[in-house]
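As the structure is a computational prediction, the values presented were derived from the model and not from experiment. The basis for the numbers below is simple: all heavy atoms, side chains too, and nothing from hydrogens, waters or symmetry mates. In each ligand, atom 1 is the first atom listed, and ligand 1 is the first ligand listed.
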Amino acid sequence: MKIGIVCYPTYGGSGVMATELGMGLAQKGHQIHFITYRRPARLTGFHENLYYHEVSADDYPLFEYPPYDTSLASKLVDVVNYEKLDLLHVHYAIPHAAIAYMAKKILLTQGRYVPVVTTLHGTDITLVGSNKAFAPVAEFSINKSDGVTAVSQSLKDQTHEYFNINKDIKVIYNFIDFGRFNKSNKDHFKKAIAPDGEKILIHVSNFRKVKRVEDVIKIFKRVYEKVPSKLLLIGDGPERQSMESLCREIGLCHEIRFLGKQDAVEELLALADLFILPSASESFGLAALEAMACEVPVISTNVGGLPEVNIHGETGFLSDLGDVEGMAANAIKILENPEMLESFSQNALAQARKFDLKNILPQYEQYYEQIIEQAVYKSV
Ligand code: GMT
């Protein structure tokens, strides 16, 4: 198949998933065209069957905001026509589903029907989509997509709760590439970070308010009082500055390391003992899955799709949102009990295997085939 993929090219979960999906499909022989405003962060090196088309939102003195939507729609029309794409797969409904609909309508006037699959990732529904400033367009464009997928059952349910959706939403879970995420031996790194054999706690996010990094630090403070430990904070975003200030206030700067954005996050996960994810909202929790693939148990909230990934009492523990005491107590329970830590690590790996890329990619391929087949009827 010839597939066009639209996504945010950043380190965010939706962009990461879209990129990994494209690379996986290209490896299986499909022709994949990324159509994005920058080369996706995880799209490094050369890949056979993989193409990148950059969308440039040209500026003009009249525009306060360069019209990205118009530039992307025009680019989609151009790439679909020139490359004869069979399908467009857009990730994150806002604004991509609406732009794809516009491109589809333009292409129709030129005699070409290109089906559109929209994948809902989370905040496009839970935070942004339900906002009145976007809701009517989000609902309309989701309904106008030829196919819609959600990354968890919870996100599917929430989409139906917030919007009037008149079509079936297919749940296709996020996935993990075990070729990249696995427990490699990083003892030399571990010694540098925790020279006296301290336990290593880790958190990876985009440091947005929804991730509640403040809770991560509060949990760590309680753990540190009982168990010799270090905390690694990976990623960057709007909350980073105030989190650095918080670490200074509580006097734990030497035990907490801010490592910023990291390309080889799997190398850091491989040396961690526990992953902390106290998010206020999480459609799936890809960061938790990446940790689990590296045999790291997870302490998280029980919001959104997290209970579909992190199994309470097996791969880690789930707590109510904001229950810092509970999450700290659970973390201490695992860290103080070597047998529990070992069995949770193995359970985490076994659970992560359910989301192996090798099992999820064929689900997308079958879904594309089904949507393309239906589109043939629509176009005649
Ligand atoms: O809000 C974010 O964390 C980024 C966002 C994205 O689209 O880049 O992540 C969402 O999509 C990820 C991939 O499907 C999911 O693993 C995250 O759980 C989801 N984030 C939220 O729902 C908050």
Can you list everything that forms a salt bridge (Lys or Arg N to Asp or Glu O under 4.0 Å) with Arg222? Sequence neighbours excluded, please. Glu325
Thr149 versus Thr119, side-chain donor and acceptor atoms under 3.5 Å: yes
So if I only count non-hydrogen atoms and take anything under 4.0 Å from ligand 1, which residues does that give, chain by chain?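 Residues near ligand 1: Gly12, Gly13, Ser14, Tyr92, His121, Gly122, Thr123, Val151, Asn174, Asn206, Arg208, Lys211, Ser281, Glu282, Ser283, Phe284, Gly285, Leu286.
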Angle class for the Tyr51/His33 ring planes (parallel below 30°, perpendicular above 60°, tilted otherwise)?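 Aromatic pair Tyr51/His33 classed parallel.
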Student check: side-chain heavy atoms of Ile217 and Cys247 closer than 4.5 Å: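 Yes, their side chains come closer than 4.5 Å.
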Grouping ILVMFWY residues whenever side-chain heavy atoms fall under 4.5 Å, the cluster of Leu62 otherwise contains Tyr60, Phe63
Check residues 335-342 and write down every donor-acceptor pair under 3.5 Å in which the side-chain atom is one partner and the other belongs to a residue at least two apart or another chain.
from: Asn337; atom 1: OD1; to: Glu339; atom 2: N; distance (Å): 3.2
from: Asn337; atom 1: OD1; to: Met340; atom 2: N; distance (Å): 3.1
from: Glu342; atom 1: OE2; to: Gln346; atom 2: NE2; distance (Å): 3.4

